[in-house]
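The next block holds one structure in the form of structure tokens; read it before the comments.
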Amino acid sequence: MARIKKLESLSLEGNFASSKKIHVNSLDFLADMKQLRFLSLLTVNLKSKDYSPVLELINLEHLTLGSYKEVRLLYDKLIKLPKLKYGMLLEKPTLYTGIQSQENK
């Protein structure tokens, strides 16, 4: 997948209704995909448990990740990606922080 140099949008998602997950060994393939602008990884079983390669995707405008412990630990860094404007990390922060904003109370 890393050979796809012009890919700007990538979505890997399992089936919510049947709780079937996509199995991915690692996200190391993202290292060569710095052009990505949209990334969605929902219902993904990431064997390495390492989401840090996402931090290198400096052109991401949309980021949606499952609310896994490993993602929550990186949340503060992920939301600081320079071009990030959309996605569950920004639109539903309570999934990752457990803290409700004043607007949602």
Side-chain angles (χ1 to χ4, degrees):
M1 200 173 331
R3 293 184 190 146
I4 305 172
K5 300 292 184 192
K6 295 185 180 184
L7 186 71
E8 291 187 359
S9 179
L10 177 63
S11 180
L12 299 175
E13 300 182 12
N15 185 334
F16 286 106
S18 69
S19 71
K20 290 187 179 179
K21 295 185 176 187
I22 300 289
H23 294 273
V24 178
N25 288 327
S26 82
L27 296 179
D28 291 344
F29 67 91
L30 293 175
D32 294 323
M33 302 180 89
K34 297 193 187 317
Q35 76 283 358
L36 278 180
R37 295 174 51 215
F38 178 102
L39 179 63
S40 179
L41 303 173
L42 286 175
T43 57
V44 169
N45 182 356
L46 182 60
K47 299 215 187 255
S48 72
K49 307 288 186 204
D50 181 13
Y51 284 85
S52 65
V54 175
L55 295 170
E56 303 302 318
L57 301 176
I58 59 171
N59 289 307
L60 277 183
E61 295 175 17
H62 178 110
L63 179 59
T64 293
L65 301 172
S67 179
Y68 303 113
K69 173 184 159 186
E70 296 80 13
V71 174
R72 291 191 302 266
L73 291 171
L74 289 176
Y75 176 78
D76 289 337
K77 292 180 182 177
L78 290 166
I79 61 169
K80 291 179 183 170
L81 285 166
K83 296 184 180 180
L84 193 62
K85 297 182 234 175
Y86 312 104
M88 278 184 26
L89 274 86
L90 296 178
E91 295 163 9
K92 298 199 181 278
T94 58
L95 292 175
Y96 307 94
T97 65
I99 301 169
Q100 287 189 341
S101 70
Q102 292 299 321
E103 293 176 12
N104 294 335
K105 287 187 177 181

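Along the sequence shown, the residues carry numbers beginning at 1. Heavy-atom basis, side chains included; hydrogens, waters and symmetry copies ignored. Note that the coordinates shown come from a computational prediction; the quantities given were computed from them, not determined experimentally.
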List the steps, then state whether side-chain contact (heavy atoms from CB on, under 4.5 Å) holds for M88 with L65.
CA-CA 7 Å; M88 278 184 26; L65 301 172; over 6 Å; no
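- Residues passing the side-chain hydrogen bond (donor to acceptor under 3.5 Å, both in side chains) test with S48, sequence neighbours excluded: none.
- In this structure, the side chain to side chain contact (heavy atoms under 4.5 Å, CB included) partners of S9, at least two apart in sequence or on a different chain, are F38.
- Between L60 and L36 there is a side-chain heavy-atom pair separated by less than 4.5 Å.
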Between K6 and Q35, is a side-chain contact (heavy atoms from CB on, under 4.5 Å) present by the stated rule, with each step listed?
CA-CA 7 Å; K6 295 185 180 184; Q35 76 283 358; 5.9 Å; no
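- With sequence neighbours excluded, the residues forming a side chain to side chain contact (heavy atoms under 4.5 Å, CB included) with L27 are V24, F29, L30, L41, L46, Y51, P53, V54, listed by chain and number.
- With values rounded to the nearest 0.5 angstrom, H23 atom NE2 is found 5.0 Å from N45 atom CG.
- With sequence neighbours excluded, the residues forming a side chain to side chain contact (heavy atoms under 4.5 Å, CB included) with K69 are R72, L73, listed by chain and number.
- Rounding to the nearest 0.5 angstrom, the gap separating the CG atom in L42 from the OG atom in S67 is 10.5 Å.
- Residue L78 is tested with L84, L89, L57 for a side chain to side chain contact (heavy atoms under 4.5 Å, CB included); the sole match is L89.
- With sequence neighbours excluded, the residues that form a salt bridge (Lys or Arg N to Asp or Glu O under 4.0 Å) with E8 are R37.
- Once rounded to the nearest 0.5 Å, the distance linking CG of L63 with CG of L90 reads 8.0 Å.
- Identified under the ring-ring contact (aromatic ring centres under 6.0 Å, His included) test for residues 68-91, with sequence neighbours left out: Y75-Y96.
- Under the side chain to side chain contact (heavy atoms under 4.5 Å, CB included) criterion, E56 pairs with K34, not counting sequence neighbours.
- Looking at every heavy atom in both residues, E13 comes nearest to S40 through OE2-OG, 2.7 Å.
- Taking K83 as the reference, N59 meet the side-chain hydrogen bond (donor to acceptor under 3.5 Å, both in side chains) condition, with sequence neighbours excluded.
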